[in-house]
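Predicted, not measured: the structure shown is a model, and the values here were computed from it.
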Amino acid sequence: MQEQQVVAIIVGAGPSGLATAACLSRQSTPYIILEREDCFASLWKKYAYDRLQLHLGKQFCQLPHMPFPASFPTYVPKTMFVQYLNDYVSHFKISPIHRRTVESAEYDDVSKRWHVKARNGSSGEAEEYYGTFLVVATGEATDPYTPEIQGLDTFSGEVLHSTQFKSGKQFGNKNVLVVGSGNSGMEIALDLVNHGAKTSIVVRSPVHIVSREMLYVGLSLLKRLEVGMVDSLMVMVSKVVYGDLSKYGITRPSEGPFYMKVKYGKYPVVDVGTYKKIKSGEIQVVCVAAEIASVSGKDLLFDDGKARSFDTIVFCTGFKRSTNLWLKGDDYLLNDDGLPKPGYPNHWKGKNGLYCVGLSRRGLYGASADAQNIANDIKSLM
């Protein structure tokens, strides 16, 4: 069994973990970064659909101490963001230890250190790491979630999670059902219909739809106005731009878009063309607020009593976090769902040198702020 001692241990080499590593490096704080996948930023490199772009302008999405190149467009596409992350890792000389699955992390009151046990995915060997500080950087999108549905394992077509979807090219003329109406679901539905698929989408709950421009203005106003005022303005403008969505099977929530983002982590849908396809009928909204009750062959029975047939189901149903399975003894910082218990802006710091980064529900901008706060705090304690 291998052992290694270091000042700080970062778990997760996504953008949040990389940002923390860069900030620690600038403070000359020794660290290691453990990553369960075989590459850093695996969600972007391996599990994101091709047409994905950052929904916010690049000034809101850059990581600490390295802005995007001036030549990059305002809304950075996936390929260019991956290029930026590659350059970021090279610039700050970040060397994640790949294929290390953390099995437990526990604070030792005697030695005043964190004891982390990890499994080497290449050799199968158990490894132990000791650090004064532990940073949870596993992010909001950890483990893909697909709901349990009676008979789903007997579906005779293809079943995908959004992390397995790359492009609509292979689905031309197929009947495809997208389950989930967040940003991934709406964009994947758009990509499917653009490639000739007969596309339907399940909208199970009310959603806010905004444009990129509306989102930019809203974020800018939040620096000066209360959330309630900004939300009221966003809803008013959305009604002018998109009209009455209920006739297309979509309703607006009673709570505002930015309030819901902070309280529930539910992001407004940033429209990049899906609305027009829904309005024209090219994308069908089916079974509003209904769940899939059962599956038989290619037939799906919804709990409103209606049945429909599909060739493919794409589940855009989000992720679960598994931090509670390996983080031991923490009753202060993270809840059972792996999100911070303390409210913003005190969400990033726990007890006994425990921190979390990228869990403030404020995207890359929030993760960057967390990383800088954590590095500064560790420096002050050394």
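Judged by a 6.0 Å distance limit and a 45° cone about the ring axis, R26 is not positioned over the six-membered ring of F92. The cationic group of K279 does not satisfy the cation-pi geometry with Y248, failing either the under 6.0 Å distance to the six-membered ring centre or the 45° limit from the ring axis.
Side chains of K46 and E37 form a contact here, defined as non-hydrogen atoms less than 4.5 Å apart. The side-chain heavy atoms of V179 and V314, taken from C-beta on, include no pair separated by under 4.5 Å. Counting heavy atoms from C-beta on, the side chains of S360 and W348 never come closer than 4.5 Å.
When only modelled atom types and interatomic distance are considered, D370 and H347 share a side-chain donor-acceptor pair under 3.5 Å. Of the N and O atoms on the side chains of N120 and E127, at least one donor lies less than 3.5 Å from an acceptor on the other residue. Using a 3.5 Å distance cut-off with no hydrogens or angles, the side chains of E282 and S280 do pair a donor with an acceptor.
The environment of CD in Q59 is crowded: more than 12 heavy-atom neighbours from other residues, nucleotides or ligands sit within 6.0 Å. Residue K239 places its NZ atom among 12 or fewer non-hydrogen atoms of other residues, nucleotides or ligands, all under 6.0 Å distant. Applying the 6.0 Å contact sphere to NZ of K169 captures no more than 12 heavy atoms from other residues, nucleotides or ligands. At most 12 heavy atoms of other shown residues, nucleotides or ligands fall within 6.0 angstrom of atom CE in M229. Within a 6.0 Å sphere centred on NZ of K117, other residues, nucleotides and ligands contribute 12 heavy atoms or fewer. With a 6.0 Å radius and a threshold of 12 heavy atoms from other residues, nucleotides or ligands, D336 has its CG atom at or below the threshold.
Taking the six-membered ring wherever Trp is involved, the centroid distance between the rings of F315 and H161 does not fall below 6.0 Å. Here W114 and F133 keep their ring centres 6.0 angstrom or further from each other. When ring centroids are compared, H91 and Y88 stay outside the 6.0 Å threshold. Residues F72 and Y84 keep their aromatic ring centres 6.0 Å or farther apart.
Taking OG1 of T163 as the start and OH of Y145 as the end, the distance is 14.5 Å to the nearest 0.5 Å. K341 contributes atom NZ, which lies 10.0 Å from atom OH of Y332 (distance to the nearest 0.5 angstrom). For the atom pair H195 NE2 and Q170 CD, the distance stands at 10.5 Å (nearest 0.5 Å). Taken from CG in L24 to CD1 in I374, the straight-line distance is 8.0 Å, to the nearest 0.5 Å.
The backbone N or O of G151 sits less than 3.5 Å from a side-chain atom of T154, completing a donor-acceptor pair.
A chain of hydrophobic side-chain contacts below 4.5 Å, direct or via other Ile, Leu, Val, Met, Phe, Trp or Tyr residues, connects L245 to V270. No continuous path of hydrophobic side-chain contacts links L43 to L339 [ILVMFWY only; heavy atoms under 4.5 Å]. A single hydrophobic cluster is not seen to contain both M260 and L359; linkage of ILVMFWY side chains at heavy-atom distances under 4.5 Å, directly or through other members, places them apart. Neither V269 nor Y75 shares a network with the other; the hydrophobic side chains, linked directly or stepwise wherever heavy atoms of I, L, V, M, F, W or Y lie under 4.5 Å apart, form separate groups for each.
Among L134, L327, V135, the single residue meeting the side chain to side chain contact (heavy atoms under 4.5 Å, CB included) criterion with V11 is L134.
Using cut-offs of 30° and 60° on the angle between ring planes, the pair F60 and Y216 is perpendicular.
A pairwise comparison of heavy atoms in G168 and L192 identifies CA-CD2, 4.1 Å as the closest pair. Shortest non-hydrogen contact noted between R308 and V286 is NE-CG1, 3.7 Å.
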